[in-house]
Structures are given as C-alpha cells and as structure tokens.
Amino acid sequence: MVNPAQTDAVILVGGRGTRLRPLTNNTPKPMLPTANYPFLQHLLARIKAAGITHVVLGTSFKAEVFEEYFGDGSEMGLEIEYVVEEEALGTGGAIRNVYEKLRNETVMVFNGDVLGDTDLLAVLGTHQDKNADLTMHLVRVQDPRAFGCVPTDADGKVLDFLEKTEDPPTDQINAGIYVFRRELIAEIPAGRVVSVEREVFPRFLEDGRRFYGHVDSSYWRDMGRPDDFVHGSSDLVRGIASSPLLDGRTGEALVDDSAGVAAGVLLLGGTAVGRGSEVGAGARIDGSVIFDGVTIEPGARVKDSIIASGVRIGANARIENCVIGEGAQIGARCELMGGMRVWSGVSIPDNGVRFSSDA
Ligand code: GTP
C-alpha cells in the first residue's frame with residue numbers, strides 16, 4: 001500500500017480561466033467561491049482527508065492570492081509550498097517547474113479546476129500495483145465527445161491519447177489527476193511552455209513507459225465553464241458531489257451565517273449565498289452561486305446564474321443563466337437571460353430592459 005504521507009500533491013492553479021470571465025479578471029479560477037469556499041479549499045480538504053500532507057501549488061496568474069489565503073497550510077493541517085511561474089509554462093511546464101520542491105518518489109498531480117469524488121488512495125493503489133511510471137485517473141462519462149479519450153487494454157495499460165472526436169472509441173476520458181514517478185518529472189523539458197496533454201503524455205507513450213489508467217465512474221466535472229461551475233457548486237451544496245468541508249451540512253441551499261435572508265425567500269436547487277449577502281423578501285434563487293456582499297432586492301428571481309461579489313440585483317429583476325461580474329448593478333425589473341455575461345462594474349438602469357443572447 002502506498003503511504004499517502006509519503007506522496008507529494010502538486011496542484012496546477014496558474015491558468016487564466018478565460019472561459020469564466022469576467023469572474024476571473026481579478027480572481028484566479030481556483031479561488032472562486034464554490035458552495036461558499038474557494039474551490040481549491042474543497043480539493044485541499046480531499047487531499048488532506050486522503051492522508052497526503054505536503055502540497056505544492058504551481059501558480060502563475062494572480063499567484064499572490066493563493067498564499068495570502070492559505071498561508072503555510074497549517075490551519076488545514078497541511079504543509080503548502082508555492083512555486084510561481086513568471087510567465088505561465090503550460091500544464092507540463094508547471095509540473096516540471098515544481099520538481100525542486102518534491103520530497104517523495106510518488107507525486108500526485110491535480111488539475112486545479114476539477115470537481116471529483118474519486119478515491120485518491122485507490123488511484124495510488126493502482127499506480128503501485130502496476131509498478132507504473134505514470135498512472136492517470138480516467139473517468140467514464142456518458143458523452144465523451146467533448147473530451148480527450150484514453151483507451152486502455154485489459155491490463156489497464158494506456159494505448160492511446162486522443163483529441164476530441166465525434167466518434168470516440170471509448171467512454172474513458174482524462175480526469176485530470178496524474179500519479180508520476182518523480183524521475184519522470186525531471187524528463188519534462190525545463191524553462192519553456194509544455195503541455196502535459198499534448199506533449200508529455202504522447203511522448204511517454206511513444207517511449208514505451210509503464211503508463212496505466214485507473215478507471216472508475218466517480219462524480220466528475222471540469223469547472224471551467226459557467227454552466228459547469230454553477231452545477232458543480234449546486235452538486236456540492238446538495239451532496240451530489242462530496243466535500244469534507246460540507247459534511248453534515250448539505251441540502252437545498254447553503255447560506256453563510258453572516259448573510260441576511262428575509263422572510264418568504266425561496267432558496268432552491270443547491271443555491272449558495274456567501275458572506276454578508278442580503279436577499280430581500282419574496283426573492284427566489286434557484287441553482288445559483290451568490291458570492292459575498294451581494295444585494296438581491298425583493299421579488300427578484302435568479303436561476304442557474306453566478307452573481308459575483310458586490311453586485312446589486314434590483315427588485316423584481318429576472319436573471320437566468322447569466323454571469324454577473326463584480327460590483328455590477330442590475331436595475332429593478334430588468335430581465336437578463338440565455339448566457340449573458342455582465343462585465344464587472346457595469347450598471348444597467350431600472351425598468352425592464354430585456355437582454356437575452358438567445359433572442
Ligand atoms: P481557460 O483559460 O478557461 O481554458 O482556463 P485555464 O487557463 O484554467 O486552463 P485549463 O482549464 O485548461 O487548465 C487546467 C488546469 O491547469 C487549471 O487548474 C489551470 O489553473 C492549470 N493551468 C493551465 N495552464 C497553466 C500554466 O501555464 N501554469 C500553471 N501553473 N497552471 C496552469
């Protein structure tokens with residue numbers, strides 16, 4: 001059995017998160033509140049629960065934000081170190097860049113934006129049983145067309161590494177957790193941009209390395225797009241996806257103790273309401289993520305949306321499937337729908353302006 005205490009965790013958190021703009025203009029994606037905690041905190045809690053304690057964060061974009069929040073990790077019972085890329089080095093370059101900080105033979109690398117439930121010890125177990133150089137967590141999904149597919153043979157050996165295709169040969173996709181033997185990391189080219197998916201994995205495959213898949217059907221979601229972010233947060237709140245931070249607190253909604261929710265408000269569908277937010281009488285919020293310091297005035301309806309910090313949603317406004325950036329002011333009775341994104345600080349005046357990207 002691999003001793004998790006003798007495994008390093010590396011988390012890649014240096015991406016710009018462009019698909020979640022404007023939320024990521026000032027906040028790195030892994031720090032966005034998800035079920036009322038920075039997304040990364042859920043992952044760190046899972047890592048800790050598995051018994052891994054040494055964590056290295058590969059940072060680049062807004063690097064300082066991580067250390068300000070998590071410090072040396074001792075509050076979570078972890079030892080967290082930070083490595084900063086002045087220029088983002090890509091997923092492979094980022095892994096190579098933390099090499100000097102590694103202490104153990106076994107290194108578990110995580111994409112910092114995947115919400116998952118897989119049994120981390122089982123992934124480490126497969127790595128050891130197969131005496132692998134590299135083991136990748138593969139998850140079975142219903143529709144693999146949007147993802148890179150990774151077929152394996154009967155023994156679990158990886159056969160190929162395929163780009164998105166309309167006709168995938170397998171339902172197993174790269175789930176964004178990789179266990180490396182440390183020496184392999186030294187072989188990744190240093191000091192330049194390298195993609196782990198496009199360059200490192202295909203090369204290891206070509207070189208005939210012992211490259212295995214750990215396949216399961218656990219909960220899995222890439223949080224990179226607004227609709228996945230909304231659903232991932234709601235799945236955490238409802239306990240469909242698990243997080244050690246929420247044990248015993250799951251339900252239809254999660255409301256921070258410092259938030260104010262008036263009488264007659266309906267909070268449904270795994271809605272999260274963050275610190276100091278206020279929701280006025282008769283509002284209805286369904287399946288949405290409300291960050292900190294948000295004001296939702298009486299009678300407003302918000303569905304499947306992300307409302308960033310400091311936003312005001314006017315009385316009787318209707319917001320559906322939208323992303324509202326920090327500090328935006330949405331006037332009373334406005335209707336915004338169908339994937340609209342309102343940039344940070346924008347003000348939309350009162351009285352029934354109707355915007356929909358579907359129209
Ligand atoms: P998009 O711009 O929306 O595609 O998001 P992203 O920049 O986060 O890219 P992607 O979702 O493909 O990244 C997967 C994971 O790798 C995320 O956790 C990123 O933070 C991380 N990542 C991507 N590129 C880099 C990089 O150059 N350096 C580091 N340290 N991490 C990276």
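Order of appearance sets the numbers: ligands from 1, and atoms from 1 within every ligand. This one's a predicted model, so the numbers in the text were calculated from it and none came from an experiment.
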Is the terminal nitrogen or CZ of R96 (NZ for Lys, CZ for Arg) located under 6.0 angstrom from the six-membered ring centre of Y99 and within 45° of that ring's axis?
yes
Determine, using ring centers only, whether F229 and F39 are less than 6.0 Å apart.
no
Would one find an N or O of G14, backbone or side chain, under 3.5 Å from an N or O of ligand 1?
yes
Using a 4.0 Å heavy-atom cut-off, say whether L20 meets ligand 1 through its side chain, its backbone, both or neither.
neither
Of S60, P28, G15, which has the heavy atom at the shortest distance from atom 22 (N) of ligand 1?
G15
Give the ring-plane orientation class for H137 versus H214, where under 30° counts as parallel, over 60° as perpendicular and anything between as tilted.
tilted
Check each atom of ligand 1 against the heavy atoms of A88 and keep those under 4.0 Å away; list them by number with element.
27 (O)
With a cut-off of 3.5 Å and sequence neighbours excluded, list every side-chain donor-acceptor pair involving residues 55-67.
{"unit_1": "T59", "atom_1": "OG1", "unit_2": "V83", "atom_2": "O", "d": "3.1"}
{"unit_1": "S60", "atom_1": "OG", "unit_2": "E85", "atom_2": "O", "d": "3.2"}

When distances are taken from atom 8 (O) of ligand 1, the protein heavy atom at minimum range is K29 NZ, 3.0 Å
I want to know if ligand 1 touches T91 in the polar sense, i.e. an N/O pair below 3.5 angstrom.
no
For G58, is at least one N or O under 3.5 Å away from an N or O on ligand 1?
yes
Tell me the protein heavy atom at minimum distance from atom 7 (O) of ligand 1, and give that distance in Å.
R16 N, 3.0 Å
Under a 4.0 Å heavy-atom limit, does V13 contact ligand 1 with its side chain, its backbone, both, or neither?
backbone
Does R198 have more than 12 heavy atoms from other residues, nucleotides or ligands lying within 6.0 Å of its CZ?
no
Give me the ring orientation class for F211 and F201: parallel if the planes are under 30° apart, tilted from 30 to 60°, perpendicular past 60°.
tilted
